[in-house]
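Below is one structure; the comments refer to it alone.
All ligand and atom numbering here is 1-based and tracks the order in the structure.
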Amino acid sequence: MRICIRGGWVVDPKRAQGYQADVLLEGDRITAIAPDLDAPGAADVDARGCYVTPGLVDIHVHLRDPGFPDKETIASGSRAAAAGGVTSVVCMPNTRPAIDHPDVVRYVKETAAAASVVRVYPAGAMTKGQQGTEMTDFRALAEAGVVTFTEDGKSVMDPLVLMQAFTAAAELGMPITSHCEDHHLVRTGAMHRGWVSERLGDPGIPALAEDLIVARDILFAQHTGARLHIQHVTTESAVQLIREAKARGVKVTAEATPHHFSLTHEVLLEHGALAKVNPPLRTQRDVDAVVAGLMDGTIDAIATDHAPHTWEEKQQGLAAAPFGFVGLETLVGVTFTHLVHTGKLSVPEVIAKLTVNPARIMGLPEPRLEAGAVADVTVIDPNLEWVVDPTSFETRAKHSPMAGMRLRGKPVYTFVGGRMVYAHGRGILS
Ligand code: DOR
């Protein structure tokens, strides 16, 4: 199969400037990039007015498989990824059973090989059953194919277990990926502690719950030499702690989610539990700090924390509904609307945070846009305006606090290994 992506603006993360060219895909490779390519027999794809980028890499995705097929499966989550322009995902281990044993890693990899339209890299749990008490066998999990260790969804609270985990990760040269929330302070809170939580009668989750664990884990990284990746940063102080740690030479990286750099806790007044997420949506001041962190490089990557739950679960009221909502299919729209069209970040900067930076953090193959590279490619129309309609999502969770939002920017084609897996207007092609 030969496909020629014609006339787009090529964004190669290795170059400061993009350039207009055709991109030829043959088999599973990019074989040529040049203006006006002569490509007899190739199917032409019109990319005029669009950016042609390496396939996007989302290092924070819940595929819910094994265990929660009503929420998502590897197949359905992978389709949501493809529709979002994402060609590689790192999937989180809070499944049932948890990804805490090589057999579960093998299940995820085999199921992905059979049913996924994108590349799937599993993350391994830090503790058995994610109970926080007994470390998993990091070496065995690494040999089975996990790319990082994380207790995602919560923090391990026992410092002795953490010491062992950070030490083992340092020995393996692999990152610890940290969800930073002290559950002693989260307690029964469903949202950021502030005026909205007071009005809604919720106990709230203080910013300190996050800041404490960010500070703690930075110290663990500093003392053990392990690489630490901090997930979904949301508070002004957490951004500052990471900024200072980087300046001291601590091996720490960080990600922000589109919802945390675009929405505030006020959204819960309208959307209630549909906007319940942890860490929670916070204040405008925090949002501004997260954006500043993205702008000055303190925050390296953009990741979705795509966290599907059923409609019924999310209708149980603020206190009882589970935390989390979906994000794969709004990733590009929210990012372009809030970071690119506002002039906060350039397109190459944003694409780096969606491709090379997250890949480097997780030790994944380097996303490249050059002859010889694997043909994982995303075509983004930066000016396509659309209104978020979750009923049209590929994910099984067809609801979002972003419903009705007008966004500008959308992936229009997604290629994985040279195969077109998504086209705007046609949907998933598999
Ligand atoms: O809101 C969230 N939901 N945050 C997480 O970190 C985990 C996720 C989930 O698994 O539902």
Quick one: which ligand 1 atoms are inside 4.0 Å of a heavy atom on [X]?
{"X": "D305", "value": "2 (C), 4 (N), 5 (C), 6 (O)"}
{"X": "H179", "value": "5 (C), 6 (O)"}
{"X": "A307", "value": "3 (N), 8 (C), 9 (C), 11 (O)"}
{"X": "H232", "value": "6 (O)"}
{"X": "G324", "value": "1 (O), 2 (C), 3 (N)"}

Going by an N to O cut-off under 4.0 Å, is there a salt bridge joining R64 and E72?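 A salt bridge is absent here (no side-chain N lies under 4.0 Å from a carboxylate O).
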Carboxylate-amine/guanidinium contact D376 R119, below 4.0 Å: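 Salt bridge flag = yes for R119 with D376.
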Using a 4.0 Å heavy-atom cut-off, which part of [X] comes near ligand 1: side chain, backbone, both, or neither?
{"X": "H309", "result": "side chain"}
{"X": "K276", "result": "neither"}
{"X": "M92", "result": "neither"}

How would you list all residue pairs meeting side-chain hydrogen bond (donor to acceptor under 3.5 Å, both in side chains) that involve residues 158-179, not counting sequence neighbours?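 Output for this query lists T148-T177, D152-H179, S178-D217, H179-E181, H179-H232.
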With nothing but distance in play, are any N or O atoms of R64 less than 3.5 Å from an N or O of ligand 1?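 Yes - when backbone and side-chain N and O of R64 are compared with those of ligand 1, one distance drops under 3.5 Å.
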Nitrogen or oxygen of V277 less than 3.5 angstrom from that of ligand 1: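 No; the residue has no nitrogen or oxygen that sits under 3.5 Å from a nitrogen or oxygen of the ligand.
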Atom 3 (N) of ligand 1: the protein heavy-atom neighbour that sits closest, reported with distance to 0.1 Å: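 Nearest neighbour among protein heavy atoms for atom 3 (N) of ligand 1, to 0.1 Å: F323 O, 3.1 Å.
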Protein heavy atom at shortest distance from atom 2 (C) of ligand 1: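 The answer is N278 OD1, 3.1 Å.
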T310-E313 side chain donor-acceptor pair, cut-off 3.5 Å: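 Yes, a side-chain donor-acceptor pair sits under 3.5 Å.
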Among side-chain atoms of R282 and H192, is any donor-acceptor pair under 3.5 angstrom?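 Yes, H192 and R282 have a side-chain donor paired with an acceptor closer than 3.5 Å.
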Enclosure of Q284 CD (heavy-atom neighbours >12, cutoff 6.0 Å):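 Above 12, so yes.
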Ring of F323, cation from K276 - is the NZ or CZ under 6.0 Å from the centre and inside 45° of the axis?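 The answer is yes, since K276 meets both limits relative to F323.
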Are F393 and H399 close enough that their ring centers fall under 6.0 Å?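 That pair fails the under 6.0 Å test.
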